[in-house]
Amino acid sequence: MADERDVVIIGAGAAGMMCAIEAGRRGRRVLVIDHARAPGEKIRISGGGRCNFTNIHAGPKNFLSKNPHFCKSALARYTPRDFLALVERHGIAWHEKTLGQLFCDGSAKEIIAMLLKEMREAGAELRLSTDVSSVERTGTGFRIATSDGPVQARSLVIATGGKSIPKMGATGFAYRIAEQFGLRIVETRPALVPLTLDPQSLAEHDGLPGVSVEVVASHGKTEFREAMLFTHRGLSGPVILQISSFWREGEEIVLHLQPDLDVVGMLASARRTNGRQAVQTVLAEHMPRKLVQLLVGRAGVEGTLAELSGRKVEALVECLRRWRIRPAGSEGYRTAEVTLGGVDTDDLDSRSMAAKFVPGLYFVGEAVDVTGWLGGYNFQWAWASGFAAGQVA
Ligand code: FDA
């Protein structure tokens with residue numbers, strides 16, 4: 001006899017746990033299956049261990065998808081304020097770091113403990129270290145073959161996330177199930193990921209790894225302003241992760257370094273005070289010395305302020321404002337925070353996350369072709385899409 005449930009959810013991450021809480025509250029008999037030894041592993045490591053659990057400004061504009069309208073309904077019905085209310089009900093202390101990003105004061109583990117408590121109270125069962133070998137359609141729902149025996153479910157929710165960080169158990173399982181049931185997949189690629197540079201550019205950046213600067217990074221009309229970090233492989237930091245979701249192989253990104261610095265005014269004023277100062281010395285008062293060396297080298301600038309021609313100032317300004325970089329690639333799924341693309345939203349109902357042509361089948365969270373910016377947006381999508389499916393599954 002197969003174990004019978006109303007709802008089986010595969011994946012005990014952010015989206016799966018939220019869906020379990022909501023379906024359980026409706027009195028559904030819920031079982032959550034995960035092959036990992038612990039639930040919510042990505043929550044645990046997120047936000048440097050403090051979990052950037054939502055963004056108070058989250059809205060459809062902060063998400064990438066083939067259909068930018070798809071996320072609207074779910075995001076409107078479960079908002080950052082709703083999740084914050086849950087966090088506060090559990091007495092978890094939080095703070096806004098920057099740009100609407102909300103973090104735990106203590107540990108991301110508090111968010112996992114909160115979700116597990118809510119699941120228990122809603123009567124949802126969690127089965128860990130359990131592999132799923134196959135899923136088949138039956139007359140009344142689905143038969144799920146697991147390492148712990150078969151389970152029969154009326155509704156099946158796939159909440160197994162994307163492909164990022166395979167070392168943490170990411171598998172691409174959701175795409176396989178989607179294809180098995182005839183749903184389409186929007187091509188997937190690593191996103192929110194550090195970018196790599198070719199050996200020549202890396203040699204030029206010698207000495208810079210570890211240096212961080214404020215930057216406006218742009219790709220076409222899209223731009224972000226945050227910190228950039230030079231690494232041994234290329235470029236990272238929040239601004240690079242953001243722009244990586246928009247960048248494609250072979251394309252350029254443009255960097256505006258130190259956007260608040262009025263270089264022309266600063267150099268003119270320093271020249272009036274003391275024209276004998278080396279240009280490098282003056283610039284190094286405003287940015288890391290290693291970066292100054294790179295910039296003056298690129299602009300062909302040397303000598304003192306008094307010797308600096310108007311053309312050289314322009315060249316320097318150009319290097320600072322429009323530093324064009326053609327990344328060689330990205331660090332890939334090994335370090336990507338999320339997966340762009342996924343289950344095609346054309347094949348899902350935007351209110352419930354249900355597959356349009358397969359009754360009882362749902363896809364939630366990162367598995368779906370909805371990808372947030374960096375800054376708490378991806379968890380907000382996980383909560384909102386899990387909530388949406390939990391109302392009907
Ligand atoms: P998620 O990946 O969380 O969960 C999927 C679950 O399914 C896992 O428990 C996995 O073990 C299980 N699973 C997978 N395949 C399976 C299979 N075949 N059988 C059974 N179980 C299976 N976002 C944000 O908003 N704020 C932040 O601070 C961060 N920080 C961050 C840091 C790092 C290092 C990463 C990698 C990612 C982030 N993110 C983030 C992104 C965020 O973690 C991500 O978008 C959500 O966890 C997605 O939630 P899901 O529930 O969809 O998948």
Side-chain angles (χ1 to χ4, degrees), residues 96-101 194-244 246-247 251-328 373-375:
E96 177 177 345
K97 195 169 172 192
T98 170
L99 305 168
Q101 301 167 7
L195 297 175
T196 56
L197 296 174
D198 59 39
Q200 197 188 331
S201 310
L202 282 178
E204 203 188 4
H205 292 186
D206 188 34
L208 280 171
V211 168
S212 173
V213 270
E214 178 86 1
V215 158
V216 174
S218 54
H219 173 272
K221 290 196 175 124
T222 307
E223 61 175 45
F224 293 94
R225 177 180 176 157
E226 279 179 76
M228 180 179 83
L229 177 71
F230 290 89
T231 72
H232 289 288
R233 295 167 190 271
L235 301 171
S236 187
V239 81
I240 294 298
L241 300 195
Q242 296 282 31
I243 216 74
S244 74
F246 296 84
W247 173 82
E251 294 177 349
E252 279 185 344
I253 57 171
V254 182
L255 306 177
H256 180 174
L257 274 64
Q258 306 282 60
D260 289 332
L261 181 64
D262 168 14
V263 198
V264 180
M266 182 272 287
L267 289 174
S269 127
R271 186 181 188 147
R272 278 195 300 275
T273 318
N274 178 2
R276 278 176 306 182
Q277 293 178 88
V279 179
Q280 294 206 19
T281 311
V282 177
L283 286 170
E285 286 168 19
H286 301 271
M287 62 188 90
R289 185 167 282 280
K290 293 279 185 193
L291 184 59
V292 171
Q293 278 165 6
L294 176 71
L295 286 169
V296 295
R298 288 177 70 95
V301 169
E302 52 188 9
T304 65
L305 287 171
E307 291 160 357
L308 195 62
S309 69
R311 279 231 327 272
K312 291 286 180 195
V313 173
E314 271 172 38
L316 199 55
V317 169
E318 184 70 12
C319 280
L320 272 163
R321 289 208 185 137
R322 273 181 292 278
W323 185 358
R324 312 182 88 85
I325 292 202
R326 197 183 295 276
W373 294 359
L374 184 79

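Bear in mind the structure is a predicted one, so any value in this text is a computation, not a measurement.
- Evaluation of the side chain to side chain donor-acceptor pair (under 3.5 Å) test over residues 202-211, restricted to residues two or more places apart or in two chains, returns Glu204-Arg298.
- Within the structure, salt bridge (Lys or Arg N to Asp or Glu O under 4.0 Å) pairs that include any residue of residues 263-276 do not occur (at least two apart or interchain).
- Residues meeting the salt bridge (Lys or Arg N to Asp or Glu O under 4.0 Å) test with Glu251, sequence neighbours left out: none.
- In this structure, Leu283 and Leu295 have side chains that are not in contact, with every pair of non-hydrogen atoms separated by 4.5 Å or more.
- Each ring pair (Phe, Tyr, Trp, His ring centres under 6.0 Å) pair with one or both residues in residues 260-304, not counting sequence neighbours, would appear here, but there are none.
- Taking all atoms of both residues into account, the shortest heavy-atom contact from Gly275 to Thr304 is O-CB, 3.5 Å.
- Leu294 is listed as a side-chain neighbour of Trp323, based on a closest heavy-atom distance under 4.5 Å.
- Leu241 is listed as a side-chain neighbour of Pro194, based on a closest heavy-atom distance under 4.5 Å.
- Sorted by first and then second residue, the salt bridge (Lys or Arg N to Asp or Glu O under 4.0 Å) pairs with a member in residues 279-295 form an empty list; sequence neighbours excluded.
- Not counting sequence neighbours, Arg321 has no partner by the side chain to side chain donor-acceptor pair (under 3.5 Å) test.
- The heavy-atom pair separating Leu308 from Leu267 by the smallest distance is CD2-CD1, 4.0 Å.
- Nearest heavy atom pair, residue Val282 against residue Ala270, reads CG1-CB, 3.7 Å.
- For Ser201, the side chain to side chain contact (heavy atoms under 4.5 Å, CB included) partners are Leu197, Asp198, not counting sequence neighbours.
- Scored by the side chain to side chain donor-acceptor pair (under 3.5 Å) test, Gln277 finds no partners at all (sequence neighbours excluded).
- In this structure, Trp247 has no ring-ring contact (aromatic ring centres under 6.0 Å, His included) partners at least two apart in sequence or on a different chain.
- Residues in residues 302-317 take part in no salt bridge (Lys or Arg N to Asp or Glu O under 4.0 Å) pair, two or more places apart or across chains.
- Legend: residues meeting ring-ring contact (aromatic ring centres under 6.0 Å, His included) with His219, ordered by chain and number and at least two apart, are absent.
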List the atom pairs, donor and acceptor, that lie under 3.5 Å between side-chain atoms in residues 222-239 and the rest of the protein, sequence neighbours left out.
unit_1	atom_1	unit_2	atom_2	d
Arg225	NE	Glu214	OE2	2.9
Arg225	NH1	Asp260	OD1	3.4
Arg225	NH2	Asp260	OD1	3.1
Arg225	NH2	Asp260	OD2	2.5
Glu226	OE2	Gln242	NE2	3.4
Thr231	OG1	Arg233	N	3.2
Thr231	OG1	Gly234	N	2.8
Thr231	OG1	Gly234	O	3.2

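- Contact of the Ile325 side chain with the Leu195 side chain is not registered, since no non-hydrogen atoms from C-beta on lie closer than 4.5 Å.
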